[in-house]
Amino acid sequence: MTLTSAEPLRATSRRGGFARSPAADRLTRFAVIAVTVLALIYILLPVYWMVKSSFQTSFDIRAQPPHWIPREITFQAYKDMGYIIPIWRYILNSIYVSAAAALLATLIGASAAYVLARFRFPLMTLFLVMILATQLIPPITRAFPIYSAIQAAGLLNSYTGIIIAYAGFSLPFSVMLLRGYFMNNCPPDLEEAALVDGCTYFSAFWRIILPISLPGLAAVTIFTFLNAWNDFLWASLLLSQGEMKTVQVGIGDFSAEGGGGRYINLVMAACVTATIPALIMFLFVQRWLVSGLTAGSVK
Amino acid sequence: MERQKRLFCYLMVAPAVIFTFVLGLLPMITSLGWSFLEYDLIRVQQTGTPFVGLENYKEVLSDGRFVRSITNTFLMTGLVIAFAISLGLVLAHVMHSNYRGRAIVRVLICAPWFVPPVVAAAIWMWLLNTDRSPINALLMDMGLIDSNIRFLTDSSTWGPFSVPLLSVTAVRAWNGLPFIVIFILAGLQSIPRDLYEAADVDGGNLWHKFRYVTLPLLKPVLGVLIMLLLITGIGHFEINYIMTGGGPQDLTNVMAVYSYLQAFNFFRFDLASAAGGVILVLTGIICALYIRGQLKNRDDR
Amino acid sequence: MSTMVRITNGWRGRCARAGAALAVSAVAMGAAAPQAFAQEIEFWTQSYGDLIAWQRTMDELTSEFEEQSGIEVNHELVNWSVAFNRWLTVAQGGAAPDCADMFWLHSFSAIGGDEYGPLPINEYRDRWPDLEAQFYEGSLQDVNWNGDFYGIPWRGDVRPLIYRTDYAAEAGLEGAPDTWDELVEHAKAMTVRDDNGNVTRWGFALGPDNVSQAYVPYYWQAGGLFMTEDGRTATIDNEATRTALTFIRDLVWEHEVLNPDFMERGHDPEADFQSGIVAMIGSAPGPTAPTLASDFPELDGKWALAIPAEGPAGRDAYAGSGYFGVLRGSDNVEECVQWLQFLSTPDSMQRLSEASGNVSPMRDVMASDFWSDTEWKKTITETLEHAHTSQHPSPVWNALVSPEPGAVIYDMMYEAVIQQQDLDEVIARAQERMQSEMDRAFVEE
């Protein structure tokens, strides 16, 4: 794989296509830096606007033309938001639901991905196609059937219902990623050796494969977590009542389009608050995220 | 031993299969079933849901609005993928290189991930609202424009393109960027350093390294990524719905928004399901190709 | 372990309350045989006015009621942004409360049929012997459908005109426009352009961000009605539609006082009014004035309300409404009715109106000091005289006036006003579509 890919490079260089050209490199670097700066403005603009608005009064937010920098900074929105949006409770709900779903999806996904990567057995193609095919169903088209199913199971407005739903939705992605991971990073000799040593298939998987696959498992867990954390549609359908709401629904309830709405500064303050846990988590796990993916996605 | 192994395999896949069946296949079949019934919420209590064959599909496909939404769906998905991946390639390199402050840059680039998408769309609407846009205000001050850009409402078109279409595309790309960057970054990290060193020896400049080392080696990663983005992009709903509701004049209308409006605004679950059915067929074709690729991967080993 | 403790405590609490409930009910019902009452009912309201004040009022009312009856009311706030989908789900058999603050009776009862959604409570009708005397007549129309009685009206959303008095003074105008012609004049005078000719302040906006709702009063003012009284025949192919659409079209293109983007998503006249980029809204929804009064002290004395300007046939004001009713599937109808009785006392109605800022369908409340202590409140009370209910006797009404492309009224406005297509063709097409939509609701036997 690596050899063939590097081939064109050699071929070209032999034809003398490459010349050392620091000038060209400088140009490339400059272009990359320029693009990055522009991209960062594009990426951070809404984030800045969110943070800025959370420190403004209702009137200042409405100022026309808009103030890029608040005239006066007030923390009132942060003091008031708790009355209207029980944000900390929502954050805890979200963390619980997302973490449980992430662990469940990773565990189930890893089991399936492992045997689908390693063994051949009747119906396995069918299973694989089925699991991967669920990815193609647009959420909109299955919203009502799933709502009915969750309701019929008596799991509407319960944490269990939404955890199961999230885990289910993330499965195709976790199976896909982990299957790649197991195929690329766990040499078959490993568990063969274990089996010879008298391990059962399951204990080989549990004791040997899972521990050495931690980076991949972590990456999948984080993705599932973030997907669940950011979901609005399902949470608004399945867990929309009372204190159990997730952050997305709790805040979404109050967010009016286009900066309208009565409590816009409180909503922004709540968003900033809700962003912090996700951000902190990301700071801790970003290394795992990338390294896990690296090993899984590329052969 | 063989039987034991087989049993093990089935036990291991069983939970995943059950989950995907209940939360994926079953609802999909139910929804497909609806598309062949009359399922009008206003009438359902009196008439029930009689079978009507392909009527709903006929009605949906003869609705000019829906047909336009198919083109828009593919156009926007394509644009989002092209734009976000090109930008993602640059940003992934920036995250990959070594320099002081890299950790901060990484977090900043991933920032959109942490802003609740519903709120992000609302903030973008605010930033792009013709009269209230701070961007317009800034550009006016700088003398770069002499009338407000109607980011989300300008209905003049060049071919299939329009300002609102590009604006919504930009927001969707913004939303997907962190995932894409991380995905590509993972791919970059798996490229052995010695290949670049080899390129150095051969006298390649940065562009050459990218063109002849990075890009070919990233191909499999990009392939998977594009497939994922295609599938999620074709069914995409939230940002289009929140920001424009499909307007102005259907310029940003996509299939999922059409389907949603049929169900929730006009109480026609049958037409919504038929529109969903069309989305399914289209994504199905792409997905079939994708799964074939996945299976081939396995057989290659 | 902790869950166990909570459960047992919960049970003990419930048993104690059950005893109290029995005792109270025996007293309350007089001779009636003591019934076993449910101790808890679930009750939803939408959010109104100042949310903190609203929540506090609901807390007070529920605890007073519990003290009096022994019935615990679990109140849950449903935000407006999700209310519609939530109620649509309820009408289809989704999770429902026992009773609630509801709206759109006609649509939701048609969708729910005899199984889900609003429950008729005809047999409890005599619990309110003075209903006609106490409530405005129009509001009672909104709680009856197909000959059944569904609950107690409690709020109105009557929409006056609002304008910036400082901008009006600046333009040398006095007071609010009284007629459509004056409206055009005022709007022109208050519209401001920059050096490049771009409008920096629009003289006029039709109504709320829901453009279909915004259109409705102008059609009435032009003398039109949307359908026959039996709700079976669409009646929009007429001169009134032509007049209303021409009026709006001219506001946009001839007088250039109405933002041509007013039909697009994200157009928010209320926010624009607060920003000072809209000088006047012809049909301002209920919360507009209370919000300005409480959240925008900077604008004090710079705005005023007025009765909507008079069109060729009148000065009808859009009036939405809401009612308290019971849901099908509830096992606690009796308890719900008691709660409704409690909520419909003059005292409760007064508090609900004050906390929510909504006008009350109860005459006494509107005659109270609260509704006459400021100029704008007086104007709202005066506007009530011109209130025209927005309910229509067809279950598809809400589909017809959905503010989205694809809805009949929206498409008609868009084609006529924004795209300036031939009026006759647009209207004929709309009439035909509206009729076929309305026919959905009537199944040929």
Side-chain angles (χ1 to χ4, degrees), chain A residues 5-6 8-9 13 18 20-21 24-25 28 32 35-36 39-40 43 46-47 49-50 65-66 68 108 111-112 115 119 121 127 129-138 140-142 145-146 168 171 201 226 230 232 248 251-252 255 257-259 271 275 278-279 289-290 293-294 297-299, chain B residues 6 8-9 12-13 15-17 19-20 23-24 27-28 30-31 87 90-91 94 108 111-112 114-120 122-126 129 134 137 182 185-187 189-190 195 199 202-208 212-213 216-217 221 231 235 237 256 259-260 276 279 283-284 287 291:
Chain A
S5 300
L9 177 73
S13 69
F18 286 160
R20 273 210 184 277
S21 48
D25 275 5
T28 314
V32 167
V35 169
T36 308
L40 277 175
I43 289 170
V47 182
W49 206 254
M50 172 176 92
W68 278 85
I108 296 178
S111 320
V115 291
F119 301 101
F121 51 97
F127 289 155
V129 168
M130 195 178 124
I131 293 171
L132 295 181
T134 14
Q135 234 168 4
L136 78 93
I137 309 168
I140 282 298
T141 61
R142 46 179 171 162
I146 287 186
L171 262 182
Y201 282 105
L226 278 172
N230 276 333
F232 175 77
Q248 300 295 331
I251 293 179
S255 93
E257 295 135 1
C271 280
T275 301
L279 194 73
L289 189 63
V290 179
L293 267 182
T294 305
S297 57
V298 185
K299 308 179 65 167
Chain B
R6 203 170 282 179
F8 169 72
C9 288
M12 293 282 274
V13 284
V17 168
F19 261 75
T20 41
L23 292 162
M28 179 175 87
T30 315
S31 164
L87 192 55
V90 176
L91 294 179
V94 171
L108 291 181
F114 316 115
V115 182
V118 190
V119 178
I123 297 176
W124 271 112
M125 273 186 83
W126 188 359
N129 182 300
I182 293 282
L185 177 62
Q189 294 201 340
S190 70
L195 281 180
D202 284 349
N205 65 21
L206 284 174
W207 168 250
H208 291 133
Y212 298 109
V213 181
L217 286 178
V221 180
I231 290 163
F237 161 74
S259 171
Y260 178 90
I279 305 179
T283 38
C287 207
I291 288 175

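So you know, we letter chains A, B, ... as the sequences are listed, proteins then strands, and number each from 1. Quick caveat: nothing in here was measured; it's all calculated off a predicted structure. Values below: all heavy atoms of this structure, side chains included; hydrogens, waters and symmetry mates excluded.
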Chemist: Please find the pair of heavy atoms, one from M130(A) and one from V17(B), that lie closest to each other, and give the distance.
Modeler: CE-O, 3.4 Å
Chemist: Specify which of G235(B), P134(B), P112(B) makes the most heavy-atom pairs with chain A at under 4.5 Å.
Modeler: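 Highest number of pairs under 4.5 Å: P134(B).
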Chemist: Mark yes or no for whether R142(A), through its side chain, and S31(B), through its backbone, hold a donor-acceptor pair below 3.5 Å.
Modeler: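 Between the backbone of S31(B) and the side chain of R142(A) there is no qualifying donor-acceptor contact (under 3.5 Å).
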Chemist: At a heavy-atom separation under 4.5 Å, does L91(B) approach chain A through its side chain, its backbone, both, or neither?
Modeler: side chain
Chemist: I'd like to verify something: which residue of V47(A), I108(A), V32(A), T28(A) has the highest number of heavy-atom pairs under 4.5 Å with chain B?
Modeler: I108(A)
Chemist: Using heavy-atom distances under 4.5 Å, tell me whether I131(A) contacts chain B through its side chain, its backbone, both, or neither.
Modeler: both
Chemist: For L23(B) and L171(A): C-alpha separation, side-chain torsions, deciding distance, then whether side chain to side chain contact (heavy atoms under 4.5 Å, CB included) applies.
Modeler: CA-CA 10 Å; L23(B) 292 162; L171(A) 262 182; over 6 Å; no
Chemist: Would you confirm whether D25(A), through its side chain, and N205(B), through its main-chain N or O, come within 3.5 Å as a donor-acceptor pair?
Modeler: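 No: the side chain of D25(A) does not pair with the backbone of N205(B).
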Chemist: Please classify the contact between L87(B) and chain A as side chain, backbone, both or neither, with a heavy-atom cut-off of under 4.5 Å.
Modeler: side chain
Chemist: Would you call the rings of F119(A) and F8(B) parallel, tilted or perpendicular if under 30° counts as parallel and over 60° as perpendicular?
Modeler: perpendicular
Chemist: Of all of P15(B), P27(B), G276(B), A111(B), which one pairs up most often with chain A through heavy atoms under 4.5 Å apart?
Modeler: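 Among P15(B), P27(B), G276(B), A111(B), the one with the most close pairs to chain A is P27(B).
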Chemist: Let me know if A137(B) has heavy atoms under 4.5 Å from chain A in its side chain, its backbone, both or neither.
Modeler: side chain
Chemist: Check whether L226(A) gets within reach of chain B through its side chain, its backbone, both or neither, counting any heavy atom under 4.5 Å.
Modeler: side chain
Chemist: Tell me, out of A278(A), C271(A), P145(A), G168(A), who's got the most heavy-atom pairs with chain B below 4.5 Å.
Modeler: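 Most heavy-atom pairs within the cutoff with chain B belong to P145(A).
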Chemist: Below 4.5 Å from any heavy atom of chain A, which atoms of L206(B) appear? Answer side chain, backbone, both or neither.
Modeler: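 L206(B) touches chain A through backbone and side-chain heavy atoms alike.
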Chemist: Got a sec, which residues hit side-chain contact (heavy atoms from CB on, under 4.5 Å) with L40(A), two or more places apart in sequence or on another chain?
Modeler: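 Applying side-chain contact (heavy atoms from CB on, under 4.5 Å) to L40(A) gives T36(A), L44(A), L108(B), I109(B).
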Chemist: Which heavy atom in V115(B) sits nearest to a heavy atom in N230(A), and how many Å separate them?
Modeler: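 Nearest heavy atoms, V115(B) then N230(A): O-OD1, 4.3 Å.
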